[in-house]
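Since the structure comes first, as C-alpha cells, the remarks are kept for the end.
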2 protein chains.
Amino acid sequence: MSKSEVVELPVLDAGAAVPCCPPITSAELSPADAERMAVMFKALSDPVRLRLFSKVASHAGGEACVCDIADVGVSQPTVSHHLKKLRESGLLTSERRGTWVYYKVAPSVVAAMSAMLDLRD
Amino acid sequence: MSKSEVVELPVLDAGAAVPCCPPITSAELSPADAERMAVMFKALSDPVRLRLFSKVASHAGGEACVCDIADVGVSQPTVSHHLKKLRESGLLTSERRGTWVYYKVAPSVVAAMSAMLDLRD
DNA sequence: ACTCGGTATCGACGGGTGTCAACATAGACA
DNA sequence: TGTCTATGTTGACACCCGTCGATACCGAGT
C-alpha cells in the first residue's frame with residue numbers, strides 16, 4: 001500500500017518551482033508533503049551519497065563528471081547506484097556529453113530543503 | 001589536523017555548538033563530516049518522523065507533549081520509537097515533567113543542516 | 001498499597017537498502 | 001568493423017529499518 005504510486009517524479013527539470021514547504025516552525029507538514037520531503041532527506045541519509053552530492057555541489061562550474069567524483073571508497077557499480085538515487089530523488093540532474101556523464105545539483109530542490117529547516121522565528 | 005576533535009557525539013545537549021559544516025557549494029565534505037551529517041538527514045528520511053518533527057517544531061511554545069503529536073497514523077510504540085531516533089540523532093531533546101514527556105527541537109543541529117544546504121554563490 | 005493513564009522497551013516479522021562481481025551499453029577512435 | 005574506456009544494470013547477499021502486540025516503567029491520585 002504505502003509505496004504504490006508514489007509521486008512519479010517527472011524528473012523535475014532543474015528550474016522547476018518546488019512549492020513545498022514553509023519553515024517547519026510555521027506549520028506542521030501535511031502527510032503528503034512529509035512523504036515528498038522525506039524522499040529528499042533519504043537521498044542524503046547515506047554517507048557515500050552525501051559525499052557524492054557534496055563533490056558535485058562544490059565542483060568548479062557547478063557540475064562534475066562521474067570520473068571526477070567516483071573516488072569515495074566503494075566500487076564503481078555502487079557509485080552508479082547512488083548517483084541514480086540522487087537523480088531519482090530530484091537532487092541531481094545528469095547529462096551525457098560524449099564519453100562522460102556530468103551531474104549537477106538541482107538548485108530549487110535543495111533550496112526547498114534548506115528553507116524548510118530555516119528556524120528563524 | 002584542523003580542529004579535528006570537536007566531535008565525540010556526547011548526546012549533544014541542545015545548546016552545544018555544531019561546527020559542521022560550511023555550505024556544500026564551498027567545499028566537499030570530509031568522510032567524517034559526511035558520516036555525522038548523514039545521521040541527521042537519516043533522522044528526517046521517514047515520513048512519520050518528519051511529521052513528528054514538524055509537529056514539535058511548529059507547536060506553540062516550541063515544545064510539545066507526546067500526547068499532542070502522537071496522532072500520525074501509527075501505533076504508540078512506533079511513535080515512541082521514532083521520537084527516540086529523533087532524540088538520538090540530536091534533532092530533538094526530551095524532558096519529563098510529571099506524567100508527560102515534552103519534546104523540543106535542538107536549534108543548533110537543525111541550523112547546521114539548513115546552513116549546509118544553503119546554495120547562495 | 002493499589003490502580004490508572006502516559007510513555008518506553010522488547011521481540012518478532014516483512015520489506016527495504018548498500019554492496020559487490022559479472023555483465024551490458026554507449027561513444028570514441030583506430 | 002573492432003577494441004578500449006566510461007558508465008549503467010542485474011542478481012545475489014547480508015544487514016538495517018518500520019511496524020506491531022505484549023509488556024514494563026513511571027508519576028499521580030485514590
Side-chain angles (χ1 to χ4, degrees), chain A residues 1-7 9 11 31 34-35 37-56 59 63-89 91-104, chain B residues 11 31 34-35 37-56 59 63-89 91-104:
Chain A
M1 8 191 111
S2 46
K3 281 299 151 108
S4 49
E5 265 292 338
V6 206
V7 187
L9 290 188
V11 175
E35 206 89 34
M37 294 303 290
V39 171
M40 305 179 195
F41 284 110
K42 180 176 270 179
L44 296 183
S45 71
D46 179 89
V48 172
R49 274 201 299 273
L50 199 46
R51 288 180 66 195
L52 288 170
F53 178 75
S54 132
K55 282 186 174 227
V56 171
H59 202 265
E63 65 176 11
C65 163
V66 175
C67 58
D68 289 329
I69 61 177
D71 182 24
V72 287
V74 295
S75 69
Q76 177 270 322
T78 301
V79 169
S80 193
H81 166 74
H82 284 309
L83 287 173
K84 182 180 186 179
K85 287 219 154 188
L86 287 167
R87 211 182 335 120
E88 288 175 341
S89 64
L91 286 172
L92 293 182
T93 60
S94 68
E95 178 193 356
R96 171 159 227 139
R97 289 207 293 275
T99 305
W100 297 279
V101 176
Y102 292 84
Y103 282 80
K104 63 172 136 183
Chain B
V11 176
E35 206 90 33
M37 294 303 290
V39 171
M40 305 180 195
F41 284 111
K42 180 176 272 177
L44 295 183
S45 71
D46 179 89
V48 171
R49 274 200 300 271
L50 200 46
R51 288 179 67 194
L52 288 170
F53 178 76
S54 132
K55 283 187 174 225
V56 171
H59 203 266
E63 66 176 10
C65 163
V66 176
C67 59
D68 290 328
I69 61 176
D71 183 24
V72 287
V74 295
S75 69
Q76 177 270 320
T78 301
V79 169
S80 193
H81 166 74
H82 284 310
L83 287 173
K84 182 180 187 179
K85 288 220 153 189
L86 287 166
R87 209 181 338 119
E88 289 175 341
S89 64
L91 287 171
L92 294 182
T93 60
S94 68
E95 178 193 357
R96 171 159 227 140
R97 288 206 293 275
T99 305
W100 295 278
V101 176
Y102 293 83
Y103 282 79
K104 64 173 136 184

For Tyr103(A), which contact category applies under a 4.0 Å heavy-atom criterion: base, sugar-phosphate, or nothing?
sugar-phosphate

Nearest-angstrom distance from the residue atom CD1 of Ile69(B) to P of dG6(C)
15 Å

Closest to side chain of Arg96(A), choosing from dT9(C), dG27(C), dC20(C):
dG27(C)

Can you measure Glu88(B) atom CD to dT9(C) atom C1' for me and round it to whole angstrom units?
12 Å

What contact category does Arg49(B) fall into here, base, sugar-phosphate, or nothing, at under 4.0 angstrom with non-hydrogen atoms?
sugar-phosphate

Pairwise distance CZ(Phe53(B)) to CZ(Arg49(B)) - rounded to 0.5 angstrom
12.0 Å

How long is the straight-line distance from CG of Asp46(B) back to CZ of Arg51(B), given to the nearest 0.5 Å?
11.0 Å

If you draw the axis of the six-membered ring of Tyr103(B), does the NZ or CZ of Arg87(B) fall within 45° of it and under 6.0 Å from the ring centre?
no

Under 4.0 Å, heavy atoms only, any strand: does Thr99(A) hit a base, just the sugar-phosphate, or nothing?
sugar-phosphate

Using the side-chain heavy atoms of Lys42(A), tell me which of these nucleotides is nearest: dA26(C), dA8(C), dT17(C).
dT17(C)

Could you please name the option among dC20(C), dT9(D), dG18(D) that lies closest to any side-chain atom of Asp46(B)?
dG18(D)

So His81(A), base contact, sugar-phosphate only, or nothing? Heavy-atom distance under 4.0 Å.
base

Spacing of His81(B) atom NE2 and Leu86(B) atom CG [to the nearest 0.5 Å]
10.0 Å

In whole angstrom, what separates Asp68(B)'s CG from dG5(C)'s P?
18 Å

Looking at the side chain of His82(B), which of dC20(D), dC26(D), dT19(D) is the nearest nucleotide?
dT19(D)

With sugar-phosphate meaning primed atoms plus P, OP1 and OP2, does Val48(B) contact a base, only sugar-phosphate, or nothing at under 4.0 Å between heavy atoms?
sugar-phosphate

So how far is it from Leu83(A) CG to Leu91(A) CG, rounded to the nearest 0.5 Å?
12.0 Å

Taking atom P of dT19(C) as reference, at what distance in whole Å does atom NZ of Lys84(A) sit?
16 Å

Without decimals, in angstroms, what is the distance between Leu83(B) CG and dT9(C) P?
11 Å

To the nearest angstrom, the CZ-C1' distance between Phe41(A) and dG18(D) comes to 19 Å

Any donor-acceptor N/O pair, Ser89(B) side chain to Lys85(B) backbone, under 3.5 Å:
yes

Without decimals, in angstroms, what is the distance between Glu95(A) CD and dA26(C) C1'?
16 Å

For DNA chain C, whose closest nucleotide is more 5', that of Gln76(A) or that of Cys65(B)?
Cys65(B)

Would you mind telling me which of dT9(C), dT19(C), dT7(D) lies closest to the side-chain atoms of Val101(A)?
dT7(D)

Rounded to the nearest angstrom, tell me the gap between atom CG in Leu44(A) and atom C1' in dT17(C).
16 Å

On the nucleotide dG18(D), are OP1 or OP2 found under 4.0 Å from the side-chain N or O atoms that Lys85(B) carries?
yes

Map Trp100(B) and Val74(A) onto DNA chain C by nearest heavy atom, then report which one ends up closer to the 5' terminus.
Trp100(B)

Below 4.0 angstrom from OP1 or OP2 of dT19(C), is there any side-chain N or O of Thr78(A)?
no

Return no unless some side-chain N or O of Ser80(A) is found under 4.0 Å from OP1 or OP2 of dG8(D).
yes

